[in-house]
Protein chains: 2
Amino acid sequence: MTDATEATDVTDVTDVTDVPDVTDVPDRLTPRAREIVAAARDLLEESGPAVLTMRTLADRLGIKAPSLYKHFPDKHAVEVELIAQMLEESAEALEAAETAEAAEAAESRTPGSLETLAEAYRVYALAHPHLYCLATERPLPRAALPPGLEDRAARPLLRACGGDLDLARATWAFAHGMVILEIHGRFPEDADLDAAWKRGLRTLHP
Amino acid sequence: MTDATEATDVTDVTDVTDVPDVTDVPDRLTPRAREIVAAARDLLEESGPAVLTMRTLADRLGIKAPSLYKHFPDKHAVEVELIAQMLEESAEALEAAETAEAAEAAESRTPGSLETLAEAYRVYALAHPHLYCLATERPLPRAALPPGLEDRAARPLLRACGGDLDLARATWAFAHGMVILEIHGRFPEDADLDAAWKRGLRTLHP
DNA sequence: GCAATTCAGCTAACGCCGTTAGCCACGACG
DNA sequence: CGTCGTGGCTAACGGCGTTAGCTGAATTGC
């Protein structure tokens, strides 16, 4: 009779009642845990980190806060999943930009191989500012992340830098700095950030 | 008998006991408020933001938490003072580097005018990582800051960039990115950050 | 087919957080 | 000598993450 049962109708995805988790990829999370992470992400992106509370998260799912601990050991574990999502999605965005770039280059109207990549990075980060900050403004929980994910997220930029690690790191620092300073409103209101991006990219990758 | 009195010996700048606040500059803070900020800073730099609590702060001063509200309207107001300190000190560090640079340039053994500035920025930030993060990872409370401070902190870099705003912003983003990523341990352990700094600075300012 | 176990919810509560209300001692000043 | 502002105090509130322990339903084992 609790309204929790109403909330579960959101599931309606897995009506498989026999196979528990015998998919090809060993599932990182149970279906319910994935629902929780999805709700956490909605909450974070809509309202920011201050609102992402175990109680509000439970509320949105129609359950009580302590029940969340049946699925995650603590709040940090939920956040780790959000960080993993961000890394994976930004990796996808960069990989997509990479192939788009290659296509354009084939037509020989090359706009500089870093430019599309940087634009993709910026667009993704600014589209998900709270998520980007959550994933970025603390030490990476490397041990709890899917193996290889960090490398995968870094690889497109490294490739674009021709394997030059120093250049790739300098470029990453520039891009992250631009994005995070913009997100936090540290630039003057009238600053021409497009111009600053262009300037930085052009000098870093002439 | 409280150790709060011991904390004041850090000040040792103003032993004037008669004039309350009739200095040339209209004092931003009462002496007691300055003691509180000093204790807050010690706490933050020693133990990080999680330990900077109204209760632990009061503890260190030998008083109870609610008494702090006789001196500051809320915790945020204390943090604003810490942010102001960081901006002022980093401005000083950059200005010092600027004049040192000028002296070296006069002897014509110029190491690139940005290099000393960047080094000073990096050294200051890494010497005060918690303070740097506090001052940097949220919107600037511009309205509550001493007027002109933000500009002053930005000016040395802008001068070194010959007034080129775009270049200055790109360089700032690069430097901030390098520092903040290093502080949060986002680079691989074996990354040669000196090399990445050199690479970035050389390409940004050839 | 029934017992046993696991799962996923619940309530109550703990200790921390920032913050408020209201009390009081003391020193300065008219 | 009274008055009043200053700067302490205690008690308490609501919100936070989290734990302990209960319960009913579903699944599993014999």
Side-chain angles (χ1 to χ4, degrees), chain A residues 1-11 14-22 27 29-37 39-40 43-44 47-82 134 138 141, chain B residues 1-5 7-8 17-22 27 29-40 43-44 47-82 134 138 141:
Chain A
M1 275 304 169
T2 73
D3 46 12
T5 56
E6 297 181 2
T8 56
D9 68 355
V10 176
T11 321
T14 59
D15 53 340
V16 285
T17 53
D18 38 32
V19 258
D21 61 338
V22 200
D27 275 349
L29 259 36
T30 70
R32 187 55 166 155
R34 241 172 285 129
E35 286 179 13
I36 293 172
V37 172
L43 223 37
L44 176 67
S47 314
V51 171
L52 180 50
T53 284
M54 294 304 265
R55 284 172 170 87
T56 63
L57 175 54
D59 258 17
R60 170 153 310 206
L61 291 158
I63 62 178
K64 303 294 180 181
S67 302
L68 295 171
Y69 293 81
K70 294 291 157 94
H71 303 278
F72 291 94
D74 50 30
K75 186 186 182 183
H76 184 238
V78 180
E79 292 173 341
V80 165
E81 294 306 317
L82 296 179
L134 177 75
R138 65 210 74 220
Chain B
M1 278 303 169
T2 75
D3 47 11
T5 55
T8 58
T17 53
D18 36 33
V19 256
D21 60 339
V22 200
D27 274 350
L29 260 36
T30 71
R32 186 55 167 155
R34 243 173 283 131
E35 286 178 13
I36 293 173
V37 172
L43 223 37
L44 176 68
S47 313
V51 171
L52 180 50
T53 283
M54 295 305 264
R55 285 173 170 86
T56 63
L57 176 53
D59 258 17
R60 170 154 307 205
L61 291 158
I63 62 178
K64 303 295 181 181
S67 301
L68 293 171
Y69 293 81
K70 295 291 158 107
H71 304 277
F72 291 93
D74 50 30
K75 187 187 181 183
H76 185 239
V78 180
E79 293 173 340
V80 165
E81 293 306 316
L82 295 179
L134 178 76
R138 67 209 74 221

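Numbers restart at 1 for each chain; the letters A, B, ... are given by sequence-line order, proteins then strands.
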Item to complete: Can you tell me the distance, in whole Å, between the CG atom of B:Asp59 and the P atom of D:dC9?
Response: 10 Å

Worksheet, complete the sentence: Here the distance between atom P of C:dC7 and atom CZ of A:Arg32, to the nearest Å, is 15 Å

Worksheet item: Would a distance-only check, ignoring hydrogens and angles, find a side-chain to backbone donor-acceptor pair under 3.5 Å from A:Arg138 to A:Leu134?
Response: yes

Practice prompt. Answer yes or no: is there a side-chain heavy-atom contact under 4.5 Å between B:Leu44 and B:Pro49?
Written response: yes

Worksheet item: Starting at the 5' end of DNA chain D, which residue's closest nucleotide do you reach first, A:Pro73 or A:Thr56?
Response: A:Thr56

Fill in: Touch class at under 4.0 angstrom, heavy-atom based, for B:Lys75 against every strand present
sugar-phosphate

Fill in: For atom OH of B:Tyr69 and atom P of D:dC9, their distance in whole Å
14 Å

Practice prompt. Would you mind classifying the nucleic acid contact of B:Ser67 as base, sugar-phosphate or nothing, using non-hydrogen atoms under 4.0 angstrom?
Written response: base

Worksheet item: What is the distance, rounded to the nearest whole Å, between atom CG of A:Leu68 and atom P of C:dC7?
Response: 17 Å

Item to complete: Report yes or no: is there a donor-acceptor pair, N or O only, under 3.5 Å between the side chain of A:Arg55 and the base of D:dG15?
Response: no

Worksheet item: Nearest-Å distance, CE (B:Met54) to C1' (D:dG14)?
Response: 17 Å

Fill in: Side-chain N,O (A:His71) to OP1/OP2 (C:dG9) below 4.0 Å
yes

Worksheet item: Whole-Å distance between C:dA8 C1' and A:Leu61 CG?
Response: 13 Å

Fill in: Distance in angstrom units between A:Lys64 NZ and C:dC10 P, rounded
6 Å

Item to complete: Test side chain to side chain contact (heavy atoms under 4.5 Å, CB included) on A:Ile36 and A:Leu29 and set out the steps.
Response: CA-CA 10 Å; A:Ile36 293 172; A:Leu29 259 36; over 6 Å; no

Practice prompt. Please confirm whether the backbone N or O of A:Leu52 pairs with a side-chain atom of A:Lys75, one donor and one acceptor, at under 3.5 Å?
Written response: yes

Worksheet item: Among D:dG8, D:dG17, C:dG9, which is the nearest nucleotide to the side chain of B:Ile63?
Response: D:dG8

Item to complete: Find the distance A:Lys70:NZ to D:dG24:P and express it as a whole number of Å.
Response: 14 Å

Worksheet item: Would you find a donor on one side and an acceptor on the other, under 3.5 Å apart, between the side chain of B:Thr30 and the backbone of B:Ala33?
Response: yes

